[in-house]
Amino acid sequence: MRRAWFGGSPDRPLRHRGEAQTCHVLQRWSRFAGSWWVTDDREAYRFGKRQGLTTLDTMDLLTRPVADGDLSAQEAHDLLWAMNDADRRIRVPKHVSEMLG
């Protein structure tokens, strides 16, 4: 099993500090109950899901305006690929139909 290095590593001790702090707040501060955790860090995304947090990434966020009719599936798909091509390392569907939810 892979371990989430929320405490960082000896050569990068502050890496994932923001994810760790956000997870703590969402799990323990009552005023944030029901909040969404938005991250494109794949390990943080998986961790949030395992913790029962409402966890979304950029692709999830773009399916909402598609569902509402404010953005076409093709536009959302193209935008995700443009972000990916700009080295954003985000989840991108292979086919535009995956943007339909």
**Report entry** Main-chain N/O of Leu53 paired with Thr55 side-chain donor or acceptor, under 3.5 Å
**Finding:** yes
Query raised in the report: Is any side-chain heavy atom of Val66 closer than 4.5 Å to a side-chain heavy atom of Leu100?
Result: yes
Report task. May I ask you to decide if the ring planes of Trp81 and His77 are parallel, tilted or perpendicular, using 30° and 60° as cut-offs? Result -> perpendicular
Query - Partner of Met83 by side-chain contact (heavy atoms from CB on, under 4.5 Å), out of Asp78, Thr58, Val92 - result: Thr58
Query raised in the report: Do Phe47 and Trp29 sit in the same hydrophobic cluster, where Ile, Leu, Val, Met, Phe, Trp and Tyr count as joined when their side-chain heavy atoms come under 4.5 Å apart?
Result: yes
Report task. Supply the atom-to-atom distance Thr54 OG1 to Lys49 NZ, rounded to the nearest 0.5 angstrom. Result -> 7.5 Å
Report task. Decide yes or no on side chain to side chain contact (heavy atoms under 4.5 Å, CB included) for Tyr45 and Asp60, but give the supporting numbers first. Result -> CA-CA 11 Å; Tyr45 183 89; Asp60 294 325; 3.1 Å; yes
**Report entry** Arg89 CZ: over 12 foreign heavy atoms closer than 6.0 Å
**Finding:** no
Query raised in the report: Counting N and O atoms only, with roles assigned by atom type, does the side chain of Asp41 sit under 3.5 Å from a partner on the main chain of Glu43, one being a donor and the other an acceptor?
Result: yes
Query - Arg46/Glu19 salt bridge by N-O under 4.0 Å criterion - result: no
Query - Non-hydrogen atoms of Gly48 and Trp37 that approach each other most closely - result: CA-CZ3, 3.5 Å
**Report entry** Shared hydrophobic cluster for Leu80 and Leu71 (ILVMFWY, side-chain gaps under 4.5 Å)
**Finding:** yes
Requested in this report: Compare all side-chain heavy atoms of Phe32 with those of Gln27 and state whether any distance is below 4.5 angstrom.
Outcome: no
Query raised in the report: Does the cation-pi check pass for Arg64 over Trp36, that is, NZ or CZ under 6.0 Å from the six-membered ring centre and within 45° of its axis?
Result: yes
Query raised in the report: Stepwise, does the side chain to side chain contact (heavy atoms under 4.5 Å, CB included) test hold for Asp57 with Ile90?
Result: CA-CA 8 Å; Asp57 62 9; Ile90 60 174; over 6 Å; no
Query raised in the report: Does the side chain to side chain contact (heavy atoms under 4.5 Å, CB included) test come out yes or no for Met99 and Leu62, once each step is laid out?
Result: CA-CA 8 Å; Met99 295 305 303; Leu62 285 177; 4.0 Å; yes
